[in-house]
Amino acid sequence: MPGMGGRMSTVIKAKISRLLDRAEDPGETLDYSYQKQLESLQNVKKGIADVVTAKKRLQMQSQKLEQSVVKLDTQARQALSSGNEDLARVALERKNVAQTELQSLDQQVTELEAQQEKLTDSEQKLRAKIEAFRTKKEVMKAQYSAAEAQVRISEAATGVGEQMADVGLAMQRAADKTEQMRARADAVSELEAAGTFDDLTTLGPGQDDIDRQLSELSSSTQVDDELAKMKAELGSGAGGGESKQLEEGQGS
Amino acid sequence: MIVRISNEGQYRVDDGLQGRLNALDDAAVAAVEADDEDAFNAAFEELLQVVRTQGTELEDDDLDASDVILPPADISFVEAGEEFTGDGLIPEPAESAP
């Protein structure tokens, strides 16, 4: 077929022929390739476990960020109700950054979930094909001479090899996604380590630079809007309740 | 003809559909060459849809090898540039071959 020059087909065919070439004794090929198939199934299981672990780590990080968003929002209200608008603005800027990170994390978790689903599906197909191969192999071995069985089964082995390559591709894509997410998660960890989402009342000297960078990161219009909205809410709300909340917040 | 959509499944497609699939495949190649992402997405999505809707999905334990392997549906335009080149992925139908 002259048109089949696609890189994917070429790569997959090369992989399959390497797999089949490895056993030199025709009689051994069948058992050897079955053994290889089982090994690759183990690798797939490990690959799926890695994806799940990465996802869980991100989900935990996402929960922490959610808590930070709530905390920073509360602190902004507290700061505003005690007349410290500058501190309220800083808190809202940080909340803004945390929210942006949160959205991005959640989206990546969703994408990773989709990859995991495809990987699991491909693994199930591989498992079914390996089982079918095992049955076919035994039938062929019983009915034909080793050399003849070898010929008859090699096409079946190609079918399994193709599914193996497909799982390999799904694993690669999930791994790429996990790697991207790791980078994102590390960036969030750095922000956390720098105290970005910490209690603002514990802010020490030397935070000015972080604040400057954060105000660049967060949309000032959004912060202004939110500040105005918060002011309006506080203005119409009961002052006593807010100051009680402030004391609780400072105590924590 | 058996067509695999990577990370999705294998479909048995009537040989009579090869001309249509090949035309979509060529359109995808042309879109990649023209650096037209929208046109590529349209051609590739239709290519996948024809296979999915006109083809019959193979059982999981079917050991037949595919004649054509299509990239996964979520392929990026950059990745597509490595796949859809020259004659594309679908062989030219026999009657139009020299």
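All values below come from the heavy atoms of this structure, side chains included, with hydrogens, waters and symmetry mates left out.
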* Asked: Can you tell me if NZ on A/Lys136 sees more than 12 non-hydrogen neighbours from other groups inside 6.0 Å?
  ->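 No.
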
Kindly compute the distance separating [atom1] ([X]) from [atom2] ([Y]), expressed to the nearest 0.5 Å.
X	Y	atom1	atom2	result
A/Gln172	B/Asn7	CD	CG	11.0 Å
B/Glu8	A/Lys125	CD	NZ	8.0 Å
A/Glu162	B/Ile69	CD	CD1	4.0 Å

* Asked: For A/Lys129 and B/Asp62, which heavy atoms make the closest approach, and how far apart are they?
  ->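 Scanning both residues completely, I find the closest heavy atoms to be NZ-O, 2.7 Å.
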
* Give the minimum heavy-atom separation between A/Asp166 and B/Ser6, together with the two atoms involved. => OD1-CA, 3.3 Å

* Structure fact -> Within residues 52-61 of chain B, the residues sitting under 4.5 Å from chain A by heavy atom, in sequence order, are B/Glu57, B/Glu59, B/Asp60, B/Asp61

* Evaluate the side-chain proximity of A/Gln163 to B/Leu63: yes if any heavy-atom separation is below 4.5 Å, no if none is. =>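 Not touching, per the 4.5 Å side-chain cut-off.
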
* Asked: Considering only heavy atoms, which portion of A/Glu117 lies under 4.5 Å from any heavy atom of chain B: side chain, backbone, both, or neither?
  ->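 Neither part.
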
* Any donor and acceptor pair, going by atom type alone, linking the side chain of A/Arg173 with main-chain N or O of B/Asp74 inside 3.5 Å? -> yes

